[in-house]
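Counting convention: from 1, in listed order, for ligands and their atoms alike. Just so it is clear, the values below take in all heavy atoms, side chains as well, and ignore hydrogens, waters and symmetry mates. In this text the structure is predicted, and so the values were computed from the model without any measurement.
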Amino acid sequence: MKLPLNIDYTGKVVVVTGAGGLICGAMARAFAESGAKVAALDLNEDAVKKLASELKAEGYICEGYKANVLEADALEAVHEAVLRDLGPCDILVNGAGGNNPRATTDNEYHHEAKEGGKSFFDLDQSGVDFVFKLNFQGTLIPTQIFAKDMAERKCGNILNISSMNSFTPLTKIPAYSAAKAAISNFTKWLATHFAGTGVRCNAIAPGFLVSAQNRALLYNEDGTPTARSAKILNGTPMGRFVDADELIGATLFLCDDRSASAITGVVLPIDCGFAAYSGV
Ligand code: NAD
């Protein structure tokens with residue numbers, strides 16, 4: 001990866017949850033290439049082991065750990081393993097998260113709901129719980145476990161992943177939008193709570209990325225944008241999607257105490273202008 005910023009993270013231990021995925025895999029790689037000792041955590045063990053072995057083969061320091069961000073006891077055991085393998089955590093990136101189809105309505109507007117489709121009234125409670133738990137508790141629990149290392153040593157950084165749907169909710173995904181709003185709120189809470197300890201906490205709010213999971217929702221088979229995709233691009237002043245690599249500069253900047261020493265509690269949109277545009 002061509003790093004956008006040349007910040008030296010040598011010696012820092014960076015724990016990245018969701019590192020088996022698109023965004024946090026790129027972040028884990030960027031920290032490793034910047035000299036950090038990276039602990040890549042994910043439910044998908046194969047993905048983080050593969051990432052770790054690729055990075056090690058390139059001469060970087062990275063260990064992969066199977067971890068469920070919702071299981072505190074198992075996560076404590078991962079924390080012990082990280083302490084043993086790499087040392088205490090300096091930087092925590094809370095990246096595990098996402099939506100679930102069970103918490104998604106079929107229609108944007110209720111008056112357009114079709115017979116047999118999933119309306120707001122049909123949303124599955126267990127799907128809503130899943131999305132809230134994964135995004136909110138999935139950020140709170142790893143922070144309880146890994147930020148202890150930081151509070152004890154009176155320095156460190158937490159980076160949460162919010163979304164531009166936290167500023168204005170997106171149609172069809174009420175639970176995911178609300179859960180990401182909770183992440184933005186919690187980022188400010190943590191920033192305030194830890195301010196006296198020297199631990200900073202910020203978030204990035206990525207816009208729309210094209211990933212393996214959502215490609216079919218965004219593009220038709222012939223490569224033209226779907227109706228939802230066209231709506232997104234029309235609502236994006238820069239007229240394009242965000243690339244995962246475009247999140248790296250802000251990530252490296254916000255987690256560096258020399259660059260961002262007075263920045264805590266911010267939620268930085270990286271969305272090609274989507275959150276700034278009223279549509280008119
Ligand atoms: P992704 O699906 O590629 O990666 C998410 C990773 O989290 C996966 O590897 C998955 O195995 C892991 N995971 C899921 N549940 C877990 C659990 N309980 N414990 C540990 N790991 C778990 O998704 P992504 O697009 O890279 O998203 C990363 C973060 O960015 C998420 O928080 C997501 O909500 C957020 N985000 C994504 C977009 C986007 O357009 N892709 C936009 C805004 C915010």
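Among all non-hydrogen protein atoms, the one lying nearest atom 19 (N) of ligand 1 is Val69 N, 3.0 Å. For atom 34 (O) of ligand 1, the nearest non-hydrogen atom of the protein is Tyr176 OH, 2.5 Å. Protein heavy atom at the shortest distance from atom 40 (O) of ligand 1 is Leu209 N, 3.2 Å. Looking at atom 42 (C) of ligand 1, its nearest protein heavy atom turns out to be Gly207 O, 3.3 Å. Closest to atom 2 (O) of ligand 1 among all protein heavy atoms lies Gln213 NE2, 2.9 Å. Remark: minimum distance from atom 4 (O) of ligand 1 to any protein heavy atom is reached at Gly21 CA, 3.3 Å. The nearest heavy-atom contact from the protein to atom 43 (C) of ligand 1 is Pro206 O, 3.4 Å.
Residue Ser211 places no N or O, backbone or side chain, under 3.5 Å from any N or O of ligand 1. Note: no N/O pair closer than 3.5 Å links Gly18 and ligand 1 by distance alone. Considering backbone and side-chain atoms together, Ile161 places no N or O closer than 3.5 Å to any N or O of ligand 1. By the 3.5 Å distance cut-off applied to N or O atoms, Asn68 is counted among the residues near ligand 1. Where the criterion is an N or O separation shorter than 3.5 Å, residue side chain and backbone included, Leu70 fails it with respect to ligand 1.
Between Glu80 and Arg84, none of the side-chain N atoms (NZ, or NE/NH1/NH2) sits under 4.0 Å from a carboxylate O, so this pair counts as no salt bridge. In summary, Lys50 and Glu54 engage in a salt bridge, as defined by a charged side-chain N under 4.0 Å from a carboxylate O.
One finds the NZ atom of Lys49 at 12.0 Å from the CG atom of Asn44 (value rounded to the nearest 0.5 Å). Of the inter-residue distances, the one linking Asn202 atom CG with Cys255 atom SG reads 8.0 Å to the nearest 0.5 angstrom.
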Walk me through whether Glu33 and Lys2 qualify under salt bridge (Lys or Arg N to Asp or Glu O under 4.0 Å). CA-CA 9 Å; Glu33 291 186 11; Lys2 182 156 174 14; over 6 Å; no
I would like to know whether Asn220 and Thr226 meet side-chain contact (heavy atoms from CB on, under 4.5 Å); could you show each step before the answer? CA-CA 6 Å; Asn220 298 309; Thr226 60; 3.4 Å; yes
Checking His79 against Phe146 for the ring-ring contact (aromatic ring centres under 6.0 Å, His included) test, could you report, in this order, the C-alpha distance in whole Å, the side-chain angles of both residues, the deciding distance, and whether it holds? CA-CA 7 Å; His79 181 211; Phe146 287 99; 5.0 Å; yes
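Between the side chains of Thr104 and Asn99, a donor-acceptor pair is found at a separation under 3.5 Å. No donor-acceptor contact under 3.5 angstrom links the side chains of Asp257 and Ser261, judged on distance only. Between the side chains of Asp124 and Ser126, at least one donor-acceptor pair of N or O atoms lies under 3.5 Å.
The part of Lys180 lying near ligand 1 is the side chain, judged by heavy-atom distances below 4.0 Å. The proximity of Ser162 to ligand 1, defined as any non-hydrogen pair under 4.0 Å, is limited to the backbone. With a heavy-atom cut-off of 4.0 Å, Leu134 touches ligand 1 through its side chain alone. At a heavy-atom cutoff of 4.0 Å, ligand 1 is contacted by the backbone of Ala67 but not by its side chain.
Of all the atoms in ligand 1, the ones that sit under 4.0 Å from a non-hydrogen atom of Gly97 are 31 (C), 32 (O), 34 (O). Close approach of ligand 1 to Gly98 is summarised as follows: ligand atoms under 4.0 Å from at least one heavy atom of the residue are 34 (O). Each of the atoms 9 (O) of ligand 1 lies under 4.0 Å from some heavy atom of Gly20. Near Gly95, meaning under 4.0 Å from one of its heavy atoms, ligand 1 places the atoms 28 (C), 29 (C), 31 (C), 32 (O).
For residues 85-104, the set of pairs meeting the salt bridge (Lys or Arg N to Asp or Glu O under 4.0 Å) definition, not counting sequence neighbours, comprises Asp90-Arg153.
Across Asn160, Asn135, Thr187, Thr139, a single residue satisfies side-chain hydrogen bond (donor to acceptor under 3.5 Å, both in side chains) together with Asn94, and that is Asn160.
Side-chain contact between Val38 and Val15 is absent, with no heavy-atom pair separated by less than 4.5 Å.
Remark: among candidates Asn160, Leu75, Leu43, the nearest residue to atom 16 (C) of ligand 1 is Leu43, based on non-hydrogen atoms. Residue nearest to atom 27 (O) of ligand 1, selected from Ile23, Asp271, Asn165, Leu22: Ile23 (by heavy-atom distance). When Leu247, Ile141, Asp42 are checked for heavy-atom proximity to atom 6 (C) of ligand 1, Asp42 turns out nearest.
Closest of all the heavy-atom pairs between Ser259 and Ile7 is OG-CD1, 3.7 Å.
Protein heavy atoms all stay at least 4.0 Å away from atom 23 (O) of ligand 1.
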